[in-house]
Asks: 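First, the structure itself, so that you have it in front of you.
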Amino acid sequence: MGYRKGYYRKDGTYVQGHYTNNRSKFSSKNNGCMVLILAFIAFSSIISCSESESNNVSASDSNSNCPTKTCGDFKSQAEAQKTYESNKSCYKNLDADGDGKACESLK
């Protein structure tokens, strides 16, 4: 509640000062509902973020399905090269210097 001062209208009549209800729609009495709504939005966004992170982890784990191979597992460079060519992203550790040739130390 607030007090409104008296004023003159355009037609010249005087309106005496009086108390008015100057609270907005979002007064302090409605803050409980707003807090609940904001808490729900925050909680749901946290849940959606955690689900997307778990999806990203499973996508990065798909590379872990690759068998672990080293140059010592092959008898010749040609055999290592054939394995490297079959899946370059899976066997990228066979090409140490990144020139496209796997296990260059083998003959």
Side-chain angles (χ1 to χ4, degrees):
M1 302 285 286
Y3 185 76
R4 185 172 184 177
K5 292 170 46 175
Y7 61 95
Y8 287 96
R9 293 184 185 162
K10 289 184 180 180
D11 63 1
T13 58
Y14 181 76
V15 177
Q16 188 174 356
H18 55 278
Y19 285 98
T20 62
N21 183 3
N22 57 2
R23 267 191 286 166
S24 69
K25 293 179 189 177
F26 304 105
S27 68
S28 61
K29 289 186 178 181
N30 292 332
N31 283 344
C33 292
M34 294 298 282
V35 168
L36 289 175
I37 291 170
L38 290 175
F40 175 73
I41 292 171
F43 182 71
S44 61
S45 66
I46 289 170
I47 290 174
S48 66
C49 289
S50 65
E51 288 175 358
S52 66
E53 288 175 3
S54 65
N55 290 341
N56 290 341
V57 170
S58 64
S60 65
D61 287 345
S62 64
N63 288 340
S64 66
N65 293 335
C66 296
T68 305
K69 296 279 188 178
T70 61
C71 290
D73 296 332
F74 300 102
K75 295 180 181 175
S76 66
Q77 191 275 334
E79 184 182 349
Q81 186 68 34
K82 183 178 177 184
T83 305
Y84 174 72
E85 298 272 335
S86 69
N87 191 348
K88 291 184 180 182
S89 64
C90 201
Y91 299 112
K92 61 186 171 194
N93 62 331
L94 297 178
D95 183 19
D97 56 1
D99 65 351
K101 294 183 180 178
C103 299
E104 295 176 72
S105 61
L106 294 176
K107 295 180 181 182

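The figures here come from the full heavy-atom set of this structure, side chains too, leaving out hydrogens, waters and symmetry mates.
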Asks: One pair to check against side-chain contact (heavy atoms from CB on, under 4.5 Å): L94 and C103. What are the steps and the verdict?
Replies: CA-CA 6 Å; L94 297 178; C103 299; 3.9 Å; yes

Asks: For F43, enumerate each residue passing the ring-ring contact (aromatic ring centres under 6.0 Å, His included) test, keeping only those at least two apart in sequence or located in another chain.
Replies: none

Asks: Which heavy atom of Y84 sits nearest to which heavy atom of G100, and what is that distance?
Replies: CE2-O, 3.8 Å

Asks: Look at the side chain of Q81 and the backbone N and O of A102, then say whether any donor-acceptor pair between them is shorter than 3.5 Å.
Replies: yes

Asks: At their closest point, which heavy atom of K69 faces which heavy atom of Y91, and how far apart are they?
Replies: CG-CE2, 3.5 Å

Asks: Please name the pair of heavy atoms, one in S86 and one in T83, separated by the smallest distance, quoted to 0.1 Å.
Replies: OG-O, 2.5 Å

Asks: Excluding sequence neighbours, so at least two apart, what forms side-chain contact (heavy atoms from CB on, under 4.5 Å) with T13?
Replies: R9, D11

Asks: Test of understanding: with ring-ring contact (aromatic ring centres under 6.0 Å, His included), list the residues that count as partners of Y8, not counting sequence neighbours.
Replies: Y14

Asks: Step by step, would you call N87 with S89 a side-chain contact (heavy atoms from CB on, under 4.5 Å)?
Replies: CA-CA 6 Å; N87 191 348; S89 64; 3.0 Å; yes

Asks: Looking at every non-hydrogen atom in both residues, tell me the closest pair between T68 and D73 and how far apart they are.
Replies: O-OD2, 3.9 Å

Asks: Mind checking the CD-SG spacing from E79 to C71? Nearest 0.5 Å is all I need.
Replies: 11.5 Å

Asks: Please report the shortest heavy-atom distance between D95 and E104, naming the atom on each side.
Replies: OD1-OE2, 4.4 Å

